[in-house]
Each structure stands twice: as C-alpha cells, then as structure tokens.
Amino acid sequence: MGLKIYNTLSRSLEEFVPMSPGKVGMYCCGPTVHDFAHIGNFRTFVFADLVRRYLEFKGLAVDHVMNITDIEDKIIKRVRENKTTLKEYTGKFEAAFCEDLKALACKPPTQIPHATEYIPEIVSLIEKLVARGVAYKAPDGSVYFSIEKYRGCGCKYGQLVNLNFEGMRVGERVSSDEYEKESVADFALWKARVPEDGDIFWPSPWGEGRPGWHIECSAMSMKCLGTSFDLHLGGEDLAFPHHEDEIAQSEGAGVQADGKPFVKYWMHGAHLLVEGKKMSKSLGNFFTLRDLLNKGFSGREIRYLLLTAHYREQFNFTIDGLQGARTALARIDECLSKLRELAKNASGGPDDLLLQKFSEALDENLNISGAWGVIFEWVRQTNRLLAENKLDSTAAAAALAAWQKIDAVFGIGVEKETEAPAELLVLLEERQTARKAKDFKRSDAIRDELKAKGWTIEDTTKGPRLKRI
Ligand code: AMP
Ligand code: ZN
C-alpha cells in the first residue's frame, strides 16, 4: 500500500507520489538561532525526522534540507542587546541546536543552508520579482512584494489558508517578519538599512540592507532542491504568513516549468503545550531540551514521548508523560534483551507480518499511535511466547531483524548504559562520605535527590555506582 499524507495545499489526504521516482526533495524550515530551541520547536523537528525516516523505510532516497535562519528581526535585536557580532551570537545557538538534535537522535539533514550565505541568490530572486512587476521599492527604501500585482497576474494568494481580502487596502505594507493573518498586506523582501541594524547589512541594487525572513526560505529551498520540489514541512504557525509568502515569492518569480508548483505537498505539525498550557517563561512551563536533560530525563525518553502523538494533534507534554515514557521504553528494552539472549548467534530474515502491520499504520498519514499499538501488542505476545518457551532462536532472530527496520523509523535505539553526569557522581561521593560519618539523614537526602533525577545507587564489587531507574 502507498503512503497517504494530509496535504495542507489541498486540505485532503493524498497519496504521496514523488516528482521523480525513487527520490524525494524535502525542505523543513529550520530554527531561528536567536536562543536555545524549546521543546515545542523540537516536536516539529522530531516530526520532520520521522517523515524523512519513514520515506527512507519506503525505499526512497531523501534529500532533506533544513535551513538555519541566522538573520531576521529577533536576531538583530539580540545581537544589539548583547553587544556582540552576528556570527558569534548565532554560532553559539546553532551549535547548541545541533547538539540537541543529536541528543534526540534526529538524523542530520543532508543539506543545512544558512541564510547569510545565500544573499546573492536572495537578491537575484528579488530582482526577478521586481522585473516581473510583483515587487516594488517603497519610499522607505525597502522592497516589498505586491499582493495586488501578484493576484492581478492570475496567481492565488491564500493557497494554504483562507484569507479575507475585503478589508485589504492596496499597497498597505508590513515590514516585520512575523505578522497576523488579519494583515493581508505587502510584505518586505529587502529591508533598507536602519541605524539599529549596526553593521549587519549587505549591498544590493536597492541600497544597503538585509533580506526579509520569508524570501530567505524561497531562495534557499529552490537553490538546494530545484524550483519545484516534493515536500515542505514546518509547524502549523508557519502556514501563514511564512509559507504562504514563500509560495507567492517562488511562484511569482515565474521560475517553475509550465504547470509545476513550487511545492507539491505541504505538511504542518500541530503545536505542543506543556502541562496543558501554551509555553511561556512567566508560567514556568517553558522548557528547552537542556532543562529536561538536567532534570535527569534522556534524549531517548523525550524523543519517545514526542513520537507518541499524531503530528496533526495538539500534544500535551507533561513531566508525568516523561515518567510514562521511561516505563514504556523499559518494557520494550526488556523484551528485546530476552530476544537477544535467545537468538544468540542465530540469523533470520525479518518477521514480515510485523513489518506489514507497522507500515500499514504509518501509511495512513503517519498514524503513529496505530504503529505503537502494533509494537506493544507484539511485545505482549512475545513475552507470552517467551514465558511459555514457545519461541526458538530463529524466530527470535527474525523478530529482532524486524525490530531493527522498525527502529530505523522510530530511532529510539537500544537502552545504553549511560554514564551519569559529573555533578551526580559528585553527589554519589558525598553520599559515601556522609555514610562513613554516619550522617544517614544527609545520605538518605542525597539518595532521594538522585532518585528524583532518574538514578538509583547500585552496590557492586567495585563500590557503589549509579544506574538509570
Ligand atoms: P522558530 O525557531 O521560531 O522559527 O521555530 C522553529 C520551528 O518550531 C517552526 O517550524 C515552528 O513552527 C515550530 N514551533 C514553534 N513553537 C512550537 C510549538 N509550541 N510546538 C510545536 N512546534 C513549534
Ligand atoms: Zn522557512
């Protein structure tokens, strides 16, 4: 059976048929590196990783492009506030982002373009839009995209969202990168240099300035994947204005072959809430990945939890949910370890029935809860067969071979004996000292603190060591 996905463009489920057989060009809007990414951002990046991995499971070669937005309004503001340079500022957060992606076992994208390295492509795209009459230089020196001219050419503005043009005033302009749906207005492609920009500007045919956020993604995606490509992803908040503007700029430049769209399929991931509320620093429910790792959870547990909900459903992320993730993973790990013990050196082709059930679920617009349902039912049955001694080594090897293919999609890997972080090893030392001094109150308090962070103390012949709960 073929894969069906929900295409925001047609607002319907469609069979996924790549433009060139066997190959997929996929672009996912990357992070704006103005701060550490939060757990909501990572829901979207783990979703993109799942899509890529599942397309690969289906035998497709995926060119996965994720840009780094290293120049936009928020970044400029932060660079100014921190009295630093653009490169130094964004470099720090980009490095942190890549580390976090790795902790979540996301495959590195095949291409990672940076907006600041694509200024010539951006300028050339704006030149095409000006030449075609759908962009103009405004009195403030900036270049804007004209919605009216674009619509006048028979093009549709409002392909991903329904827009109301009634209140629209011709030529009304919006200069900031992020704006509301109510503002159907001409948006900035090139922003003329202003004193607040400091030394962040580039030359252009319209004077010194910098690109708007939306044009960056049009230029980078078309340069990396061609003017028409298969799949574009992002969080649901990006559908308007960011993705709508990307379509307008890319198709408005008239660079596609006749009848070809800029992008064939658009997928949008729903947002993540934390403890039932929109994340916000003032509510105390705002988590970066690092915050959660520091609480003692592993990247593997966080990835698992992010992968339990369907990508189009709003997801409520909770600390209790992370505890549940730990228990669920332990069930899978225990079953796999028994299978490994039984299989020893036996080999066998993968259990096709299990693979078939798994892909039947994911083929339905990535029905991940269906796929997990298949896995947990398999774990339950395998445990029963193991308990009744009804599995032989070949069957165990076949089950493990199927799991290997399944895990190439889930990416939750096998439990690793992870080394405890240095600060917890210091606590363990302190506990030993407290015990020697017969300060049991202190030693019990340390044990509880370690437990709260997900570690238990195990006595071994070499002395006590920390083990994950
Ligand atoms: P940004 O770095 O702000 O450009 O965001 C990076 C990605 O995270 C985009 O695809 C956003 O749509 C997505 N995103 C932002 N907030 C959330 C959230 N709460 N839940 C899921 N995705 C989000
Ligand atoms: Zn983008």
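One-based numbering along the sequence shown. Just follow the structure's listing: the first ligand is 1, and inside any ligand the first atom is 1. Only heavy atoms go into these numbers, but all of them, side chains included; no hydrogens, no water, no symmetry mates.
H214 and Y179 have perpendicular rings, their planes meeting at more than 60° on a 0 to 90° scale where under 30° would count as parallel. In this structure, H38 and F286 have perpendicular ring planes: the angle between them is above 60°, well past the 30° mark.
Checked against the 6.0 Å centroid threshold, Y304 and F410 do not count as a close aromatic pair. In this structure, the ring of H232 has its center no less than 6.0 angstrom from the ring center of Y265. Annotation: F97 is in aromatic contact with F42 [ring centroid separation under 6.0 Å]. Ring centers of F36 and F93: under 6.0 Å apart, within the cut-off. Residues H243 and H268 place their aromatic rings such that the two centres sit under 6.0 Å apart.
Interatomic distance, CG of L160 versus CD of E246, reported as 9.5 Å (0.5 Å rounding). If you take OG on S221 and CE on M66, they are separated by 14.0 Å, rounding to the nearest 0.5 Å.
For atom 1 (P) of ligand 1, the choice among D177, T32, I68 with the nearest heavy atom turns out to be T32.
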**Asked** Does the pair S142 and W190 meet the rule for a side chain to side chain contact (heavy atoms under 4.5 Å, CB included), with working shown?
**Response** CA-CA 5 Å; S142 298; W190 187 259; 5.9 Å; no
**Request:** I would like to know whether F358 and L362 meet side chain to side chain contact (heavy atoms under 4.5 Å, CB included); could you show each step before the answer?
**Result:** CA-CA 7 Å; F358 168 76; L362 288 184; 3.5 Å; yes
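The protein non-hydrogen atom at the shortest distance from atom 9 (C) of ligand 1 is L238 CD1, 3.8 Å. Looking from atom 11 (C) of ligand 1 to the surrounding protein, the closest heavy atom is D237 OD1, 3.5 Å. In this structure, atom 6 (C) of ligand 1 lies nearest to the protein heavy atom N41 ND2, 3.6 Å. Among all non-hydrogen protein atoms, the one lying nearest atom 17 (C) of ligand 1 is H271 NE2, 3.3 Å.
Considering backbone and side-chain N/O of T44, one or more are found under 3.5 Å from N/O of ligand 1. For G40, a nitrogen or oxygen atom sits less than 3.5 Å from a nitrogen or oxygen atom of ligand 1, counting backbone and side chain alike.
Side-chain contact, N67 with T69: a donor N or O sits under 3.5 Å from an acceptor N or O.
Here is the list of ligand 1 atoms found below 4.0 Å of a heavy atom in L272: 18 (C), 19 (N), 20 (N), 21 (C). Listed by atom number, the atoms of ligand 1 under 4.0 Å from P31 heavy atoms are 2 (O). For ligand 1, the atoms lying closer than 4.0 Å to a non-hydrogen atom of H38 are 16 (N), 17 (C). The distance from ligand 1 to the heavy atoms of G235 drops below 4.0 Å at these ligand atoms: 10 (O), 12 (O).
The closest approach between K278 and ligand 1 stays at or above 4.0 Å for every heavy atom of the residue.
The number of protein N/O/S atoms found under 2.8 Å from the Zn ion (ligand 2) is 3.
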